[in-house]
Amino acid sequence: VLIETPPPSLAMADLERALNQYLLDFPGLGSVYVEDLGETSTQGQTAEVDVDVSFSGMSTMKIAIVSALFQRMDGLESAEIGQLMDYALGESNNYAANLMLNWLGGGDTYAGARAFTQFARELGMVNTFMQTGYDDKGNLAQIPTPGNSREDWNTDPDTHVQSSPREMGEFLSAIYRCTLGQGLYFEVFPADFTPDECETILFYMTHDTFRELVWAGLPDKNSVWLVHKHGFANETHSDVALIWGPTGPYVISVFLYRPVWMDWSTSNNAMKALSRITWHFFEFKAQQEGVTPPPPPQLTPPANYI
């Protein structure tokens, strides 16, 4: 008697194994965090490979800086502040990011960095901090964190600005959930965020139109709904993205480190492969579970947008 049984539904552990298997051959340290935000059996679950190692924060940190501004503004976003957010997220403009920190600090960029770090700590982010603005050449000892105190991996992170793949992914997933009126931002700061404010963050992120790295690994990068923020340093490249996939939204956060110099071909090919593996996982999962994703959000400019 032949008894046929369907294969078990894919679990995030299956994706995690596939991502880890790919990264075993990476010439350095590759870290990836994926969180399923869609309507599936693994909603809210994650796939993680070395996600609690500290890396240089780079431009990806600007996602979190903009969040800190909205937490402090109490609905008083001006056109000028909006432009700074737009430049920082869309053009990766470090000067604009420093002006945002200056605003957070009441005219003092260093105080703004401390205010941002306090914001991250209140959210439970133990590896995320800033001590200065971008491009500051001061010689500062790093703030000890679990991620930069490890003995297995040392990515030589920037002592001025650090985070981890998990925490950058959690920032972006918190922004998405905030657009639905739920999630970490509402739990910790219930009076300080609105869904419209978090949609505004995603709107500004649409202006990062660099279609390589994670974006380039998608099956049709010209039609897939995606917002992302990428970052570059000498030894580290990163990309953090919210993607509307075959089962709905998911977040992917990738940080790659190679001692001395991270060359473009190595990082771009690795991120494309990790992104492709993740997309195909959700594609197969959609077929298994019969999931039809809802339409992606329609992001519109804020009222005072210039």
Which heavy atom of [X] sits nearest a heavy atom of [Y], and at what distance?
X: Met271; Y: Asp239; answer: SD-CB, 3.7 Å
X: Gly30; Y: Leu256; answer: CA-CD2, 3.6 Å
X: Met58; Y: Thr236; answer: SD-O, 3.3 Å
X: Asn304; Y: Ser78; answer: ND2-C, 3.4 Å
X: Tyr87; Y: Ala96; answer: CB-CB, 3.7 Å
X: Trp244; Y: Pro295; answer: CZ2-O, 3.6 Å

Is [X] atom [atom1] crowded by more than 12 heavy atoms from other residues, nucleotides or ligands, each under 6.0 Å away?
X: Glu80; atom1: CD; answer: no
X: Tyr110; atom1: OH; answer: no
X: Asn139; atom1: CG; answer: no
X: Glu283; atom1: CD; answer: yes

Apply side chain to side chain donor-acceptor pair (under 3.5 Å) to residues Asn93 and Lys62 and explain how you reach the verdict.
CA-CA 9 Å; Asn93 188 305; Lys62 292 164 186 170; over 6 Å; no
Heavy-atom distance under 4.5 Å between the side chains of Ser163 and Thr60, does that happen here?
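Sidechains of Thr60 and Ser163: no contact.
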Please verify the inter-ring angle class for [X] with [Y]; under 30° counts as parallel, over 60° as perpendicular, anything in between as tilted.
X: His237; Y: Phe232; result: perpendicular
X: His207; Y: Tyr305; result: tilted
X: Phe119; Y: Phe171; result: parallel

Could you tell me the separation between the [atom1] atom of [X] and the [atom2] atom of [Y], rounded to the nearest 0.5 Å?
X: Asp52; Y: Ser31; atom1: CG; atom2: OG; result: 9.0 Å
X: His228; Y: Ile63; atom1: NE2; atom2: CD1; result: 9.5 Å
X: Arg258; Y: Glu235; atom1: CZ; atom2: CD; result: 11.5 Å
X: Trp103; Y: Met73; atom1: CH2; atom2: CE; result: 6.0 Å
X: Gln131; Y: Gln162; atom1: CD; atom2: CD; result: 8.5 Å

Give a yes-or-no answer on whether the side chains of Arg211 and Asn222 include a donor-acceptor pair shorter than 3.5 Å.
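A pair is found: one side chain offers a donor N or O, the other an acceptor, under 3.5 Å apart.
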Would you tell me whether Thr278 and Tyr250 have side-chain atoms, one donor and one acceptor, within less than 3.5 Å of each other?
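No, because no side-chain N or O of Thr278 sits under 3.5 Å from a partner of the opposite role on Tyr250.
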For Arg114, check salt bridge (charged side-chain N to carboxylate O under 4.0 Å, His left out) against everything at least two apart and list the hits.
none
Across all chains, not counting sequence neighbours, the side-chain contact (heavy atoms from CB on, under 4.5 Å) partners of Gln288 are Pro7, Ser9, Leu10, Phe284
